[in-house]
Amino acid sequence: MPLSIYNSYTRKKETFEPLTPGHVGMYVCGPTVSGESHLGHARPYIGFDVVYRYLTYKKFKVRYVRNITDAGHFEEEGREAEDKVGKKAQLEKLEPMELVQKYTNLFHWAMKQFNCIEPSIEPTATGHIVEQINMIEEIINQGYAYVQNGSVYFDVKKYAATHDYGKLSGRVIDELINAESREVTTRTLEGQEEKRDTADFALWKSAPAEHLMRWRSPWGEGFPGWHIECSAMATKYLGASFDIHGGGMDLQFPHHESEIAQSTICNHVAPVKYWMHNNMITINGRKMGKSYNNVIKLTELFSGNHPLLTQAFHPMTVRFFILQSHYRSPLDFSSEALTSSEKAFKRLWEAYEILKQINVAQNTQAKDVELEEKVKNWLGEMEVFMDDDFSSPKVLANMFEMAPIINSIKDQLIPINALSSDTLLLMKERFAVFLEDIFGLQGADGTDNNQLKSVMQLLIDIRKEAKAKKDFATSDKIRIQLNEMGIVLKDEKDGNTSWGLT
RNA sequence: GGUCCUUUGGCCGAGUGGCUAGGCAAAGCUCUGCAAAAGCUUCUACAGCGGUUCGAAUCCGCUAGGGACCUCCA
């Protein structure tokens with residue numbers, strides 16, 4: 001089955017064919033480590049983690065590059081026109097690199113919580129100033145950039161005359177060039193008068209005296225523009241042309257559009273074959289973002305310490321929540337929706353745990369041919385759905401179809417020989433591969449502690465003895481007190497008792 | 001002002017021409033010392049209006065609501 005990917009550039013689903021057979025180069029825009037990551041940031045990192053995992057499952061050798069933006073994008077046309085990292089460092093009385101380190105560590109911690117696989121290369125912007133300067137020089141040599149008061153700007157008008165600037169983001173170039181319509185925003189933009197045209201963007205920015213982060217360049221001391229780092233690092237590690245570039249939809253313009261322009265001029269070839277963009281996480285229908293003042297930081301999410309949260313949420317709940325919707329659909333956050341995901345995930349994971357325990361006989365035929373066919377169909381569809389632009393929600397839906405069957409086999413409501421041994425084995429294999437390897441999910445509770453297991457078995461045995469003697473006061477005491485500690489006991493049909501954390 | 005997207009049952013969320021998505025919640029039943037869990041069953045929606053079609057949630061048009069981008073943004 002071939003994999004098809006929705007390409008934002010062509011706005012179509014396309015069959016995925018890597019530039020080099022068997023190998024995939026993938027670049028994903030990483031975090032700006034000038035602050036804490038929030039729930040919105042989790043979506044691309046989890047989403048592309050699944051893409052990475054799935055490509056690996058499909059036997060591709062993937063080089064996955066995700067940058068760390070630690071130089072801080074200066075606010076190109078912002079009111080303060082100040083380096084974000086430098087600015088906050090002064091407020092917090094920290095060295096800029098100290099701040100960068102702090103938030104990089106925090107980001108890595110969050111990724112670990114989400115069980116995201118580390119990228120193959122995680123380059124930093126500050127570590128690639130030379131590459132960025134070289135690239136800018138090349139663009140100047142090609143005649144597509146100009147120097148103005150120690151800053152360098154990309155000449156969009158000239159580029160657009162022969163290239164498709166605006167195609168990725170659906171911009172109309174005439175509206176960007178000499179954009180009178182911008183006056184609608186009535187914003188006075190600093191540095192604007194330096195540019196030849198409003199559509200031009202900075203490749204290098206001259207640093208004012210108070211700017212902490214600064215590097216020497218052929219044009220004086222300054223810092224790199226917002227878009228150039230991705231172009232420079234992607235080119236260095238993935239080549240002039242690579243397969244997949246991912247990021248949030250909100251980066252299409254101007255970031256990715258400008259990346260295309262820079263790289264195309266420098267390398268004389270379109271940089272990316274498949275552009276992938278994830279949709280936003282919204283909160284009450286509105287994009288989660290700093291400017292809307294509606295962010296929920298990951299640390300707040302995991303601790304429940306936020307007015308919009310009724311409880312803390314496990315990272316795996318969040319991961320599952322994100323996987324339950326398609327990456328190109330907007331996903332609306334609410335505490336209620338997450339609680340619902342938490343329960344759903346728990347149920348699915350418990351079914352998976354049960355499935356793992358089922359002993360499968362050798363070479364048996366299916367007694368229930370109809371059920372056998374249904375299950376085989378659900379199992380077969382899972383890869384088909386993932387091949388269709390990573391439709392994780394549909395895969396999960398199929399798994400939920402099978403959860404009652406697994407539970408029924410355990411409770412002997414469905415005899416184990418209803419399904420053939422081959423299908424049972426396939427089911428075990430598919431669940432393990434999809435849940436763990438591809439979706440990167442893990443059990444969300446801490447029950448895999450051997451000492452705890454032993455203690456629990458002891459309590460269960462004592463309770464069983466009490467029940468046998470109809471000493472329900474004792475048996476209920478054990479159950480109730482454990483419940484207060486967050487441990488739930490479940491009496492089963494066969495007289496056994498299982499337990500889990502609430 | 002421009003460009004584009006979106007509107008699905010109590011809630012979340014799949015779904016681009018015909019077949020039950022799924023989850024959560026709710027109700028009933030089964031099992032059970034009780035409870036929980038589990039299983040079974042019920043709730044069958046597609047903003048409004050018009051059009052195309054044998055047939056539309058799905059295509060087209062209009063209307064209304066919501067949103068994104070055009071500025072840092074995942």
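Residue numbering restarts at 1 for every chain, and letters A, B, ... go by the order of the sequence lines. These values consider heavy atoms only, across backbone and side chains, with no hydrogens, waters or symmetry-generated copies. What you see is a predicted model; the values in this text were computed from it and never measured.
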Between [M] and [N], how far apart are the [atom1] atoms? Round to whole Å, please.
{"N": "B/rC5", "M": "B/rC59", "atom1": "P", "answer": "12 Å"}
{"N": "B/rG23", "M": "B/rA14", "atom1": "C1'", "answer": "11 Å"}
{"N": "B/rG33", "M": "B/rG22", "atom1": "C1'", "answer": "36 Å"}
{"N": "B/rC4", "M": "B/rG9", "atom1": "C1'", "answer": "29 Å"}
{"N": "B/rC12", "M": "B/rG51", "atom1": "P", "answer": "32 Å"}
{"N": "B/rA25", "M": "B/rU32", "atom1": "C1'", "answer": "24 Å"}
{"N": "B/rU6", "M": "B/rC43", "atom1": "P", "answer": "31 Å"}
{"N": "B/rA38", "M": "B/rA47", "atom1": "C1'", "answer": "39 Å"}

Does [X] make a cation-pi contact with [Y] (under 6.0 Å, within 45 degrees of the axis)?
{"X": "A/Arg328", "Y": "A/Tyr6", "answer": "yes"}
{"X": "A/Arg171", "Y": "A/Phe253", "answer": "yes"}
{"X": "A/Arg66", "Y": "A/Tyr45", "answer": "yes"}

Using a heavy-atom cut-off of 4.0 Å across all strands, would you classify [X] as base, sugar-phosphate, or nothing?
{"X": "A/Phe400", "answer": "sugar-phosphate"}
{"X": "A/Ala344", "answer": "sugar-phosphate"}
{"X": "A/Lys287", "answer": "base"}
{"X": "A/Ser329", "answer": "sugar-phosphate"}
{"X": "A/Met399", "answer": "nothing"}
{"X": "A/Asp491", "answer": "base"}
{"X": "A/Gly40", "answer": "base"}
{"X": "A/Asn279", "answer": "base"}

Taking [atom1] from [X] and [atom2] from [N], how many angstroms apart are they, rounded to a whole number?
{"X": "A/Phe253", "N": "B/rC5", "atom1": "CZ", "atom2": "P", "result": "18 Å"}
{"X": "A/Leu371", "N": "B/rG39", "atom1": "CG", "atom2": "C1'", "result": "14 Å"}
{"X": "A/Tyr327", "N": "B/rA14", "atom1": "OH", "atom2": "P", "result": "13 Å"}
{"X": "A/Arg11", "N": "B/rC5", "atom1": "CZ", "atom2": "P", "result": "8 Å"}
{"X": "A/Lys394", "N": "B/rG22", "atom1": "NZ", "atom2": "C1'", "result": "12 Å"}
{"X": "A/Tyr165", "N": "B/rC70", "atom1": "OH", "atom2": "P", "result": "11 Å"}
{"X": "A/Leu39", "N": "B/rA74", "atom1": "CG", "atom2": "P", "result": "13 Å"}

Confirm from the modelled atom types if A/Asp250 and B/rC70 form a donor-acceptor pair under 3.5 Å, side chain to base only. no
Should the side chain of A/Arg479 and the base of B/rA35 be counted as holding a donor-acceptor pair, with the cut-off at 3.5 Å? yes
[X], nearest nucleotide to its side chain (from [options]):
{"X": "A/His41", "options": "B/rA68, B/rA74, B/rG23", "answer": "B/rA74"}
{"X": "A/Arg347", "options": "B/rU3, B/rA74, B/rC24", "answer": "B/rC24"}
{"X": "A/Lys490", "options": "B/rC40, B/rA74, B/rA36", "answer": "B/rA36"}
{"X": "A/Asn278", "options": "B/rA14, B/rA74, B/rG33", "answer": "B/rA74"}
{"X": "A/Glu401", "options": "B/rA35, B/rA74, B/rA21", "answer": "B/rA21"}
{"X": "A/Leu331", "options": "B/rC24, B/rG13, B/rA74", "answer": "B/rG13"}
{"X": "A/Asp332", "options": "B/rC11, B/rA74, B/rC12", "answer": "B/rC12"}
{"X": "A/Ser340", "options": "B/rC24, B/rA38, B/rC70", "answer": "B/rC24"}
{"X": "A/His326", "options": "B/rA14, B/rA35, B/rG23", "answer": "B/rA14"}
{"X": "A/Leu413", "options": "B/rA35, B/rC70, B/rG39", "answer": "B/rG39"}

Would the number of heavy atoms belonging to other residues, nucleotides or ligands and lying under 6.0 Å from NZ of A/Lys356 be above 12? yes
May I ask you to decide if the ring planes of A/His277 and A/His256 are parallel, tilted or perpendicular, using 30° and 60° as cut-offs? tilted
Classify the angle between the aromatic ring planes of A/Phe333 and A/Phe321 as parallel (below 30°), tilted (30 to 60°) or perpendicular (above 60°). perpendicular
A/Gln311 and A/Ser335: side chain to side chain donor-acceptor pair (under 3.5 Å), yes or no, with the steps? CA-CA 8 Å; A/Gln311 61 169 103; A/Ser335 201; 5.9 Å; no
Scan nucleotides 43-48 of chain B nucleotide by nucleotide, 5' to 3', and note B when protein non-hydrogen atoms come under 4.0 Å of the base, S if they reach only the sugar-phosphate, - if neither. ------
Return the 5'-most residue of the pair A/Ser391, A/Asp476 with respect to RNA chain B, ranking by each residue's nearest nucleotide. A/Ser391
Assign each of A/Ala42 and A/Ser169 the nucleotide of RNA chain B bearing its closest heavy atom; nearer the 5' end lies the nucleotide of A/Ser169
Got a donor-acceptor contact below 3.5 angstrom from the [X] side chain to the [Y] backbone?
{"X": "A/Asn398", "Y": "A/Trp378", "answer": "yes"}
{"X": "A/His163", "Y": "A/Ala160", "answer": "no"}
{"X": "A/Ser231", "Y": "A/Ile228", "answer": "no"}

OP1 or OP2 of B/rA74 less than 4.0 angstrom from a side-chain nitrogen or oxygen of A/Tyr292, does that happen here? no
Is there a side-chain polar atom (N or O) of A/Arg171 under 4.0 Å from OP1 or OP2 of B/rU3? no
Interatomic spacing from CG in A/Leu55 to CD1 in A/Ile244 - rounded to 0.5 Å: 5.0 Å
